[in-house]
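Order of listing sets the numbers, starting from 1, for every ligand and every atom in it.
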Amino acid sequence: MERIKVKQLLQQQSGSEVNAKGWVRTKRGNKNVTFIALNDGSTINSIQIVCETAKFDEELLKKITTGACISVVGNLVDSVGGGQSVEIQAKDIEILGVADPDTYPLQKKGHSMEFLRDIAHLRPRTNTFGAIFRIRHAMAFAIHKFFNDKGFVYLHTPLITESDCEGAGAMFQVTTLDLNNIPKKEDGSVNYDEDFFGHSTALTVSGQLEGELGAMALGEIYTFGPTFRAENSNTPRHLAEFWMIEPEMAFYEIKDNMDLAEEFIKYLIKYALDNCGDDLKFLNDMFDKELITRLENVVNTEFVRLAYTEGVDILLKSGEKFEFPVYWGVDLQSEHERYLVEKHFGKPVILTDYPKEIKAFYMKQNDDGKTVRAMDVLFPKIGEIIGGSEREASYDKLMTRIKELNMATDNLWWYLDTRRFGSAPHSGFGLGFERLLLFVTGMTNIRDVIPFPRTPKSADF
Ligand code: ATP
Ligand code: MG
């Protein structure tokens with residue numbers, strides 16, 4: 001008999017014999033009847049299995065404990081109890097895998113998020129993480145749909161790279177050299193000639209530079225892949241391995257870039273509201289009573305667009321006591337970003353025209369000689385969710401900046417070629433996928449929106 005997923009069963013008419021497979025969430029009952037809540041991950045909702053105790057072997061029923069995996073054949077009937085439309089009147093139950101109640105860690109509901117982080121291999125079996133990972137999937141799908149519908153090309157950029165020119169964060173080195181016996185040159189430095197690639201290489205911190213190559217040929221591209229930053233910042237908003245979406249568009253100026261970022265993020269949130277209703281309602285009820293309202297507000301509001309200089313003015317005049325000082329030229333901290341978004345404006349803010357000193361070399365320089373055409377999208381609860389800019393299209397200006405920063409160009413010649421051959425105005429941005437998921441799920445720690453978080457001193461699972 002063909003197994004039917006719980007999500008589908010719960011939408012089906014009663015009357016037929018069906019087979020469901022899944023994991024036992026709870027079992028309760030009395031000597032006459034046993035109720036099992038069965039969940040298979042297809043939906044936040046479990047289906048109720050009703051067993052007349054007398055019809056089943058006592059030993060078998062004993063083995064049906066929380067966490068066990070079972071296959072049930074029975075009649076789908078209208079449910080008498082409230083809360084669900086149908087339930088299964090069990091005829092036959094097969095135990096696929098037991099879960100010893102003495103050792104299975106997820107016995108009760110209401111475990112702390114910290115406890116669940118320590119059992120990342122089992123936490124997808126909780127309602128909370130089931131909901132989060134289904135939403136994560138839906139958002140990944142919506143990202144591809146959004147760009148595909150607009151004719152963007154999904155470009156796969158490399159994870160292993162020789163260039164460290166982004167300056168976005170410390171990198172993880174990739175090597176096949178024997179760390180206990182590192183080959184050295186005469187001057188004592190590492191002899192990378194003997195390494196796999198013949199050079200020092202690292203995991204990428206961003207696909208942007210390669211993305212720009214794509215935009216200069218295909219017009220509009222996006223990347224969506226993992227990025228790695230060995231930053232020792234143990235914050236609730238940073239991971240060492242996180243996923244990033246980086247669109248890059250030829251012929252877009254900064255305003256077009258902002259329009260796209262705003263449209264994109266609203267599309268994703270609306271997609272979640274339209275397609276993840278059950279999971280969002282669960283998270284709203286259990287964790288954050290304002291979640292759905294907050295999501296709806298963002299979809300229906302126009303983002304504020306503000307120059308960095310004006311933002312700093314607002315902060316200076318705010319009278320607010322910040323932990324980190326505010327002055328023109330400072331790289332804004334999350335507390336500053338959140339003040340603007342949450343207290344001052346009460347909606348998302350796109351901050352533009354940052355001082356060039358705190359932004360990357362490739363951003364388009366403004367005529368004032370001080371600022372660049374950067375744009376960061378700042379969100380309630382999160383702070384920075386998107387970082388982007390119009391790119392400097394002029395070879396000469398770019399080279400001047402590179403020299404000012406004393407950057408080595410030997411690893412960058414291929415990038416500079418885009419400005420030598422058919423350069424064009426272009427723009428792009430990076431959306432941190434997990435930061436988006438923090439906002440959409442209402443979670444407060446980034447470790448809880450990725451199945452297997454990598455953070456300093458932690459890569460167990
Ligand atoms: P932050 O100031 O928060 O460290 P950033 O300026 O280093 O961010 P960018 O280099 O602009 O970030 O990266 C683009 C986006 O990637 C950010 O807007 C953010 O959403 C996300 N991001 C950056 N670093 C991390 C990280 N360590 N973990 C998760 N997401 C990140
Ligand atoms: Mg950073």
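Comparing D331, L239, V449, D376 by heavy-atom distance to atom 28 (N) of ligand 1, the nearest is L239. Of the candidates E246, R454, R229, R229 brings a heavy atom nearest to atom 9 (P) of ligand 1. Considering H238, E384, Q208 only, the shortest heavy-atom separation from atom 4 (O) of ligand 1 involves H238.
Across K150, E220, H426, a single residue satisfies side-chain contact (heavy atoms from CB on, under 4.5 Å) together with M249, and that is E220.
Residue-level proximity to ligand 1 for I386 is carried by the backbone, the only part with a heavy atom below 4.0 angstrom. Looking at I385 against ligand 1, only its backbone comes within 4.0 Å, counting heavy atoms. Contact annotation: for R435 versus ligand 1, heavy atoms closer than 4.0 Å belong to the side chain alone.
When each atom of ligand 1 is checked for a heavy atom of G430 under 4.0 Å away, the hits are 14 (C), 15 (C). Interface atoms of ligand 1 facing E231, defined by a heavy-atom separation under 4.0 Å, are 24 (N), 26 (C), 27 (N). Counting atoms of ligand 1 from 1 in the listed order, those under 4.0 Å from a heavy atom of R237 are 3 (O), 28 (N), 29 (C). Near G387, meaning under 4.0 Å from one of its heavy atoms, ligand 1 places the atoms 11 (O), 18 (O). Listed by number with element, the atoms of ligand 1 under 4.0 angstrom from any heavy atom of I446 are 29 (C).
An N or O contact shorter than 3.5 Å is missing between L431 and ligand 1 by distance. For ligand 1, the polar-atom distance check against G432 finds a nitrogen or oxygen pair separated by under 3.5 Å.
The pair D278-K281 does not count as a salt bridge, with every side-chain nitrogen at least 4.0 angstrom from each carboxylate oxygen.
Note on residues 427-450: pairs passing salt bridge (charged side-chain N to carboxylate O under 4.0 Å, His left out), not counting sequence neighbours, are R117-D448, R123-D448, R136-E434.
Contact between E434 and ligand 1 is absent, with no heavy atom of the residue lying under 4.0 Å from the ligand.
For the residue pair Q208/Y362, the side-chain donor-acceptor check at 3.5 Å is satisfied. A donor-acceptor contact closer than 3.5 angstrom is absent between the side chains of D396 and S394.
Cation-pi geometry between K266 and F303 is met: the NZ or CZ atom falls under 6.0 Å from the ring centre, inside 45° of the normal.
Separation of the F152 and F146 ring centroids does not fall under the 6.0 Å cut-off. Ring centers of Y154 and F224: at least 6.0 Å apart, outside the cut-off.
In this structure D279 satisfies the salt bridge (Lys or Arg N to Asp or Glu O under 4.0 Å) test together with R134, sequence neighbours excluded.
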